[in-house]
Amino acid sequence: MERRKRIWAVIASVFFAFLLILLILLNEKVHRRKELKITFDADYFWAKTLFDDSKWFYETVPAGFEYYLYIPSEYRNDRHNESAKLPLIVTFHGSNDKYASRQKFGRMFLDDKIQSIKKCAVLVLHSRGDYFTNCYDVSLFLQNFVARNECIDRKCIIGFGHSQGAEFVVKLACYEPALFKAVISGSGYYRPTAWEVMNVLPIRFYWKIAKYDKGIYEQGYKTGRTLARFCKSSVNVELDSREHCWVELDDKGADTTFLAWFKSAIDSE
């Protein structure tokens, strides 16, 4: 009897050891980002430069997107330099707000507080209509954009959104998990499914929402809490006094500042 108990104890120990190893490997797999696959499409790849004001390139593509692009001065005329490895910040505006987005959000990421952490390219993307709707088209545009700008580090793309743009950037991250290394959401309200949360576990989120933002808070607060709980190094900020706000450089969460989170996201593997 004692011998049989020892045998079963050994079997149980081996089984639990195997189960532990399996869980560790599974955890490592679900938190490892996939490589972004580039799909070429001429309508999203070729662009015509329409305006260049020494700081921003303004371009359009035949597929209907228009955008402003900032590249740090030392790489401005070296956009095909693969060794530059510039992080890319992509901004997504809210409804009917695209023509103010460069001043509101694009200029914010040109600030020395960001650029001193690491030189970053900034892409201010305009929706084809009044707001963003189609994940397939935007994903395809961004794939072709990084393909024609080799100075961009395609492993370090950070999405920033406000309002409907915040809703869309999280939706886009769920649609194409390999696209973003990190996502910044201000007054967002997308509700990912449990399966979508599993797909975005490797992505770092900074989620900001205000309790007085009626209609938005009720939709979005659970998402922020879920992402902060399960996604790697993610932050959820719920404000008591603000309304329809976006993430700003001087924001301070409960445990970290936005700039500290941003530096951690940029520096992470």
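Quick caveat: nothing in here was measured; it's all calculated off a predicted structure.
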>> Is any side-chain heavy atom of Leu249 closer than 4.5 Å to one of Asp111?
In response: yes
>> Between Arg148 and Glu59, does any NZ, NE, NH1 or NH2 come within less than 4.0 Å of an OD or OE carboxylate oxygen?
In response: yes
Donor-acceptor list for residues 156-171 side chains, cut-off 3.5 Å, not counting sequence neighbours:
{"residue": "Ser163", "atom": "OG", "partner": "His244", "partner atom": "NE2", "Å": "2.8"}
{"residue": "Gln164", "atom": "OE1", "partner": "Phe132", "partner atom": "N", "Å": "3.2"}
{"residue": "Gln164", "atom": "NE2", "partner": "Phe132", "partner atom": "O", "Å": "2.6"}

>> Whether the Arg204 and Ser233 side chains hold a donor-acceptor pair (N or O, under 3.5 Å, no angle test) is what I'd like checked.
In response: yes
> Has Arg128 got more than 12 heavy atoms of other residues, nucleotides or ligands less than 6.0 Å from its CZ?
Replying inline: yes
> When you measure from the side chain of Thr223 to the backbone N and O of Tyr190, does any donor-acceptor pair fall under 3.5 Å?
Replying inline: yes
>> Strictly distance-based, threshold 3.5 Å: is any side-chain N or O of Asp153 a donor or acceptor partner for the main-chain N or O of Leu88?
In response: no
> For Tyr217 and Glu238, does a side-chain donor sit closer than 3.5 Å to a side-chain acceptor?
Replying inline: yes
> Out of Phe141, Phe57, Trp56, Tyr44, which one pairs with Tyr67 under the ring pair (Phe, Tyr, Trp, His ring centres under 6.0 Å) rule?
Replying inline: Phe141
> Looking at Tyr70, Tyr68, Phe51, which hits ring pair (Phe, Tyr, Trp, His ring centres under 6.0 Å) with Tyr58?
Replying inline: Tyr68
> Hey, does His93 have a side-chain heavy atom less than 4.5 Å from the side chain of Ser127?
Replying inline: yes
> Residues sharing Trp46's hydrophobic cluster, by side-chain heavy-atom contacts under 4.5 Å among ILVMFWY, directly or via others?
Replying inline: Phe40, Phe45
> For Asp251 and Lys208, what are the C-alpha separation, side-chain angles and deciding distance, and is it a salt bridge (charged side-chain N to carboxylate O under 4.0 Å, His left out)?
Replying inline: CA-CA 9 Å; Asp251 281 351; Lys208 178 181 177 181; 2.8 Å; yes
